[in-house]
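These values consider heavy atoms only, across backbone and side chains, with no hydrogens, waters or symmetry-generated copies.
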Amino acid sequence: MNDIKPSKIQRLQEKYGASITALACLYSVVVSWGENWFFTVLFGLGVVVCGLMSYFDIKSTLKKSY
């Protein structure tokens, strides 16, 4: 029923939200490297999972645009 077009920020968030989260996790991995191994492993897994999610999100978005 609502044909409201999403704003530009919402579209960018849908497209690149997982990439930004993966970069934040990567930063946390670098900062906590060697100090706290639990957080290093946890944020390392976050980099892998969010990185894969962002890869497939961007890939599907590029497929839709062509």
Does a side-chain heavy-atom distance below 4.5 Å link Y27 with V31?
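The answer is yes; the side chains approach within 4.5 Å.
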Non-hydrogen atoms of [X] and [Y] that approach each other most closely:
X	Y	value
A22	G51	CB-N, 3.8 Å
S28	F43	CB-CD1, 3.5 Å
D57	A18	OD2-CB, 4.4 Å

Does CH2 belonging to W37 count more than 12 external heavy atoms closer than 6.0 Å?
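Yes - once you tally the heavy atoms of other residues, nucleotides and ligands closer than 6.0 Å, there are more than 12.
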So how far is it from [X] [atom1] to [Y] [atom2], rounded to the nearest 0.5 Å?
X	Y	atom1	atom2	answer
S54	L52	OG	CG	7.5 Å
I20	C50	CD1	SG	11.5 Å
Q10	I4	CD	CD1	10.0 Å
S19	L26	OG	CG	12.0 Å

Quick one: does E35's side chain have a donor or acceptor within less than 3.5 Å of a partner on S32's backbone?
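No: the side chain of E35 does not pair with the backbone of S32.
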Would you check if the side chain of T40 reaches a backbone N or O of V29 as a donor-acceptor pair within less than 3.5 Å?
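Checked: no pair found.
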Answer with yes or no whether the hydrophobic clustering places V49 together with V30; edges join I, L, V, M, F, W, Y residues whose side-chain heavy atoms lie under 4.5 Å apart.
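No; tracing contacts between hydrophobic side chains, which count when under 4.5 Å, never links both residues.
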Cluster link W33 to L45, ILVMFWY, side chain under 4.5 Å
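No.
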